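A short write-up of the structure that comes next.
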Amino acid sequence: MTRSPETTQNLGARLRASWLDLALGALGAGLPVFLWWIGSHTTTFVPPIGEVIRAIPDFVTGEDIWPDVLVTIERVAGSLAIALILGFAAAYVMHRGGLWGRVVDRYVGLMLGVPSTIAALLALYVFKRSEVGVYFVVSIITFPFVALTLLQGLRSADRRLDEMGDVYRLSTPQRLRHVAVPHLVPYTFAAVRNEYAHAWKVVVLAELFAVNSGMGARFARAFDRFRIVDAMLWLIIFMIILLGTEYLLLLPSERRVLRWRGSGMEGNR
Amino acid sequence: MTHSGEYIRVRDLDVSYDGITPAVSALSMDVAEGEFAAVLGPSGCGKSTLLHAISGVVQPQSGTIEIAGLPVGAGRGDDSVPIGYVFQEHRLLPWRTVAQNIAIVLRAAGVADDDVDPRIDHYLEMLHISKFRNTWPLRLSGGQRQRVSIARALAIQPAVVLMDEPFSTLDEVTARVMRQQLADLWQRSNQTIVFVTHSIREALFLAGRIFILTQGPARLFDTIEVSVPRPRRYEDPRLTELEAQIVEHVMDEWGYGANSGEEPRE
Ligand SMILES: Nc1ncnc2c1ncn2[C@@H]1O[C@H](COP(=O)(O)OP(=O)(O)OP(=O)(O)O)[C@@H](O)[C@H]1O
Ligand SMILES: [Mg+2]
């Protein structure tokens with residue numbers, strides 16, 4: 001790594017930018033809290049903020065919440081992985097064109113138009129209350145979006161780099177490793193980041209209605225028993241995990257893998 | 001058998017990108033083995049297209065191109081002649097560092113693992129870009145990228161080097177140093193170089209022969225032997241004189257003639 005002197009000079013500017021970020025973030029997070037506060041004062045079914053906060057320590061340490069959290073995370077990660085594989089296959093077939101390309105293209109287009117919730121409920125009805133059903137529902141709902149993003153990646157491949165590969169006679173493994181895959185990495189990240197939150201929502205929805213384990217099922221149970229504080233806690237945990245993984249895991253690893261793009265402050269084209 | 005005078009043999013070459021507009025039309029030329037050939041032509045006439053065709057990345061509509069008696073193009077076998085190509089745009093892999101970009105083509109060319117690093121070092125040094133060894137291409141200037149691309153082409157020590165205005169993005173002083181180094185390198189090797197340039201002076205300084213093309217679609221207009229002995233000096237008055245003659249010579253053909261009201265084709 002060469003470290004240019006500008007990098008240190010830019011640090012100040014970047015710090016200021018990150019403060020602004022933080023302030024805006026706090027404002028964004030504060031708004032729902034404020035609405036919650038109003039809600040708890042004007043209605044009877046919204047529990048006061050203080051009560052929920054006081055319940056947090058017991059909730060995260062005492063109860064057996066973690067197995068259900070893990071089950072949900074497992075479902076999200078698993079079905080997202082399946083969606084990636086399906087999405088890549090679909091994108092590849094669409095990119096190749098031909099009869100199958102058109103068939104898949106129509107299918108993906110159709111699926112994009114179907115509301116996720118309705119598709120989820122129908123599919124769960126078909127698959128009854130099974131684990132397979134959850135995986136099926138989530139991957140089938142998210143993969144068309146993945147396919148579309150990856151297709152964009154395949155279509156934007158730089159033919160000029162392929163020609164360079166021709167001239168220098170790169171082997172097929174070399175082309176995959178050094179030309180094709182690195183080009184698709186940003187698109188894969190974009191697909192995962194876009195569909196990550198989507199997958200969470202569909203998994204929890206499926207758990208709400210169709211299975212007895214996972215965060216969604218626990219939320220439903222708490223809700224059915226009028227344990228609104230617990231329901232709120234599950235909602236908060238859901239958001240913390242979703243946002244936490246996005247900002248602490250996905251974004252940093254994306255930034256690291258794509259660091260070749262430059263810092264944006266160094267006059268890149 | 002190939003005659004050594006026809007090491008790179010181009011016959012009746014027609015190239016069109018869209019199948020309608022010709023970019024190169026009925027162009028024939030021969031480059032001898034070990035020759036330094038320059039290609040001169042007005043902007044947009046089809047010089048890059050000619051190199052694309054010679055390298056095989058663009059398929060001609062008609063006509064043939066052979067290097068050492070073997071046809072070029074898709075499916076170029078392992079027995080075909082290795083080519084180093086400095087594209088007009090650098091065509092580096094943006095997600096690989098400078099050293100990795102070169103290492104990849106070295107490995108593809110079958111250079112032994114132990115030799116890869118020393119080779120990279122040698123050519124980076126030659127092009128005065130050693131300190132960018134571990135930098136990503138997007139963090140380099142245009143001229144730095146171009147030199148990485150030159151290092152990549154030369155590092156595989158190919159029999160044929162195609163260069164498309166390789167020094168056009170460099171400042172004049174650096175360009176002169178690079179030209180001198182290229183001339184020296186070529187004299188020590190038996191490489192065949194086809195060098196596209198806008199600069200008549202550059203062509204005269206480097207080449208043994210200059211192929212002058214017409215306005216687009218490119219045909220061969222004339223071939224000029226440069227008999228000034230080597231080593232040459234860039235400021236040599238003989239080059240100045242030849243330069244003036246060539247300008248005079250191409251003026252009409254390139255659409256700037258006294259009687260020609262036509263705009264030159266872009
Ligand atoms: N990829 C392409 N697709 C379609 N047309 C192209 C393409 N590349 C070049 N052309 C056309 O072919 C003709 C020749 O282009 P070429 O790049 O070979 O010119 P050139 O002599 O190298 O020009 P310059 O000196 O400006 O680099 C031009 O008219 C150009 O518009
Ligand atoms: Mg060109």
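Reminder, nothing fancy here: chain letters follow the sequence lines and each chain counts from 1. Bear in mind the structure is a predicted one, so any value in this text is a computation, not a measurement.
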- prompt: Which distance, rounded to the nearest 0.5 Å, do you find between the CG of B:L138 and the CZ of A:R259?
  reply: 13.5 Å

message: With heavy-atom distances below 4.5 Å as the criterion, would you say the side chains of B:R152 and A:M164 are in contact?
response: yes

query: Non-hydrogen atoms of chain A under 4.5 Å away: do they reach the side chain of B:E89, the backbone, both or neither?
result: side chain

- request: Check whether B:L92 gets within reach of chain A through its side chain, its backbone, both or neither, counting any heavy atom under 4.5 Å.
  value: backbone

task: Side-chain contact test, heavy atoms from C-beta onward, threshold under 4.5 Å: evaluate it for B:F87 versus A:V167 and give yes or no.
output: yes

statement: One should read off an interatomic distance between B:L93 CG and A:L170 CG, to the nearest 0.5 angstrom, of 7.5 Å

query: At a heavy-atom separation under 4.5 Å, does B:I104 approach chain A through its side chain, its backbone, both, or neither?
result: both

- prompt: More than 12 heavy atoms of other residues, nucleotides or ligands under 6.0 Å from CZ of A:R96: is that the case?
  reply: no

query: Would A:R169 and B:S80 count as having a side-chain donor-acceptor pair, cut-off 3.5 Å?
result: yes

field: Per-residue contact mode, A:V185 against chain B (heavy atom under 4.5 angstrom)
entry: neither

- request: Determine whether more than 12 heavy atoms belonging to other residues, nucleotides or ligands lie under 6.0 Å from atom OH of A:Y196.
  value: yes

- prompt: Are more than 12 heavy atoms from other residues, nucleotides or ligands located less than 6.0 Å from atom CG of B:D171?
  reply: yes

statement: Given A:R159, A:R177, A:Q174, A:H178, the one with more heavy-atom pairs under 4.5 angstrom with chain B than any other is A:H178

- prompt: Can you find a pair of side-chain heavy atoms, one from A:H183 and one from B:W95, that are under 4.5 Å apart?
  reply: yes

pair A:E163-B:S55: side-chain heavy atoms closer than 4.5 Å: no

task: Check A:Y168 against B:I83 and note the closest heavy-atom contact, atom names and distance.
output: CE2-O, 3.9 Å

A:R160 versus B:R91, closest heavy-atom pair with distance: O-NH1, 3.2 Å

message: Taking OH in A:Y247 as the centre, count heavy atoms belonging to other residues, nucleotides or ligands within less than 6.0 Å. Is the count above 12?
response: no

